[in-house]
Structures are given as structure tokens and as C-alpha cells.
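My questions will all concern the structure given below.
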Amino acid sequence: AQSVTQPDIHITVSEGASLELRCNYSYGATPYLFWYVQSPGQGLQLLLKYFSGDTLVQGIKGFEAEFKRSQSSFNLRKPSVHWSDAAEYFCAVANSNSGYALNFGKGTSLLVTP
Amino acid sequence: NAGVMQNPRHLVRRRGQEARLRCSPMKGHSHVYWYRQLPEEGLKFMVYLQKENIIDESGMPKERFSAEFPKEGPSILRIQQVVRGDSAAYFCASSPSTARYNEQFFGPGTRLTVL
């Protein structure tokens, strides 16, 4: 079954520093991969997605992610973090057996310090 | 174009009562997915519906939970005889067709508290 693992539960980054959030997936074929962000008490907003093609994907808010098949990874990056980026970040893979419903990782909580 | 709407945003029920959660998809979207988020957990898929049809309910508990998406009106997630373990945030998402190549748009969620 398709699944994702986010190894880091919490990450703290200084404002202006670079960010990388890790995501590993388990899936035999080419996966459909997503990164979502959730602010406290809010719903989820899509940052970016990968279906096929260029393995470096650009998203909103200055985020990007790189699909690496050899490492089964889809890590999220941002060159310079802003205080407003503090939130919960979820990696997800679409499950083709459930109408492409999403299988989410447990999330990484990002704290941004001054 | 209004986004996905869910109501109520917060719902408090006592053990044994029924909870009804509503989801109005974005205009033009005919596919709805329900997810549950337990504390400190990611979202877990519950059920996938199209208008008047349940396509996949493999993630939904076999007892007490049901879902529908009628021809007219919102999608409803119904939990009968709620227990404390049902306390969670319930999110719905919609897409214009199968989400294979389409983004799922999420609503703000309904936070259910069972006393």
C-alpha cells in the first residue's frame, strides 16, 4: 500500500535560514505526491504536487520539492524561512486503490525563531 | 467562487448522541473525500463519494459511521452513538473529477468534541 513517512516530528529554524522537510514514500509505480500546509485550527492548503515530468517542482509561497526516485523521497525546501511559515506540514501520496484519496504522513511541526 | 464549506465548525456532543457533519463542495465539484485527524496525527482517509454513490468506504469504521452525498445538497458524515474516541477534526475535500490529476480542495474542518 502507498504510504509516506515524515521522519521529523518537530523542526526549529531561525528566520531567514533555509529549510528542508523530509518525506519518504513507499509505492511501486510512479507516485502522485503532495505537500500541504496547515495553520493552527485551519484546513489544509496545497503547496505543490508532483505527478510526472520535471522532478523539481515549484510551489506557492517560495517552496519547492524534489522527487528522487532512487531515494524514494520528496523533500520540501525553502531557501529563506519567514515567521509566517510556522505551521504543520504534511506530505501525502495519492492512493490509486481509493479513488486517489490521500495517504498522509504524520506531519512535521515547524517552529520559526527570531 | 466559494471554497469548500463545512458546518458546523465546532460540535460538542455527549456520549451516545448523534453527530452530523456537513460538507458543501466547491461549485462544479462532484467528488468528495472525508478525512479524520486525531490529535497529534496526520489525516486518515475515511470515505470517497460521488453524487449519490459511495465509491470507497474502506477507511470508515464499520459501525456507527455512515456517509452520503445526495443529488442535491451537501455531503453528510453521520456518527451515531458517539464515543470519546470519536473526538477529532473531520475534514472534507472536493475535486472536480477523480483526484488522479486534480487537486483536492480542503474545507476548514469540523472539530468534534465528545464529552
Side-chain angles (χ1 to χ4, degrees), chain A residues 1-10 21-27 29-53 57 59-60 76 87-110, chain B residues 2-7 9-10 21 23-26 29-51 53-60 67 69 89-111 113:
Chain A
Q2 299 94 328
S3 65
V4 294
T5 301
Q6 294 180 247
D8 305 305
I9 299 174
H10 300 283
L21 302 182
R22 295 185 290 166
C23 172
N24 295 101
Y25 67 88
S26 171
Y27 187 45
T30 299
Y32 302 132
L33 294 161
F34 306 79
W35 274 100
Y36 282 85
V37 60
Q38 183 182 33
S39 298
Q42 302 297 315
L44 278 75
Q45 182 181 24
L46 180 69
L47 288 174
L48 46 79
K49 60 190 177 190
Y50 173 78
F51 290 154
S52 64
V57 180
I60 62 171
L76 182 72
E88 190 86 15
Y89 290 80
F90 293 98
C91 182
V93 62
N95 183 350
S96 59
N97 296 325
S98 298
Y100 297 93
L102 297 172
N103 289 345
F104 286 88
K106 291 191 174 183
T108 297
S109 179
L110 175 64
Chain B
V4 178
M5 293 190 291
Q6 291 186 249
N7 66 80
R9 294 290 305 275
H10 300 273
L21 288 63
C23 170
S24 296
M26 289 181 68
H29 288 193
S30 58
H31 295 240
V32 167
Y33 300 77
W34 283 93
Y35 297 85
R36 176 165 65 174
Q37 184 178 31
L38 295 168
E40 309 299 323
E41 295 284 329
L43 283 74
K44 302 289 187 187
F45 165 71
M46 299 181 73
V47 61
Y48 165 43
L49 310 103
Q50 296 176 26
K51 286 281 188 180
N53 285 302
I54 297 174
I55 306 302
D56 186 335
E57 55 184 349
S58 60
M60 199 152 68
F69 189 15
Y90 293 82
F91 292 92
C92 78
S94 72
S95 68
S97 61
T98 179
R100 180 173 184 177
Y101 296 116
N102 293 294
E103 174 184 349
Q104 291 182 37
F105 293 83
F106 281 80
T110 293
R111 281 149 185 85
T113 301

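Each chain gets a letter, A, B and so on, in the order its sequence line appears, and its residues count up from 1.
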Checklist entry - Got more than 12 heavy atoms from elsewhere within 6.0 Å of CD1, A/Ile9? => result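 No - once you tally the heavy atoms of other residues, nucleotides and ligands closer than 6.0 Å, there are 12 at most.
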Item to check | Per-residue contact mode, B/Gln37 against chain A (heavy atom under 4.5 angstrom) | outcome: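 Contact with chain A: side chain only.
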Item to check | Part of A/Glu88 lying under 4.5 Å from any heavy atom of chain B | outcome: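 Neither part.
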Item to check | Residues which pass side-chain hydrogen bond (donor to acceptor under 3.5 Å, both in side chains) with A/Tyr36, listed by chain and number, not counting sequence neighbours | outcome: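 For A/Tyr36 there are no side-chain hydrogen bond (donor to acceptor under 3.5 Å, both in side chains) partners, ignoring immediate neighbours.
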Next on the checklist: How long is the straight-line distance from CG of A/Leu102 back to OH of B/Tyr35, given to the nearest 0.5 Å?
Outcome noted: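 Reported value, rounded in 0.5 Å steps: 3.5 Å.
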Checklist entry - What part of B/Leu43 gets closer than 4.5 Å to chain A, counting heavy atoms only: side chain, backbone, both or neither? => result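 Both parts, backbone and side chain.
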Next on the checklist: Restricting to non-hydrogen atoms, name the atom on A/Ala101 and the atom on B/Phe45 that form the minimum distance, rounded to 0.1 Å.
Outcome noted: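 Where A/Ala101 meets B/Phe45 most closely, the heavy atoms are CB-CD1, 3.3 Å.
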Next on the checklist: Run the side-chain hydrogen bond (donor to acceptor under 3.5 Å, both in side chains) test against A/Gln45 and tell me which residues pass, sequence neighbours left out.
Outcome noted: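 Listed in chain order: A/Lys61.
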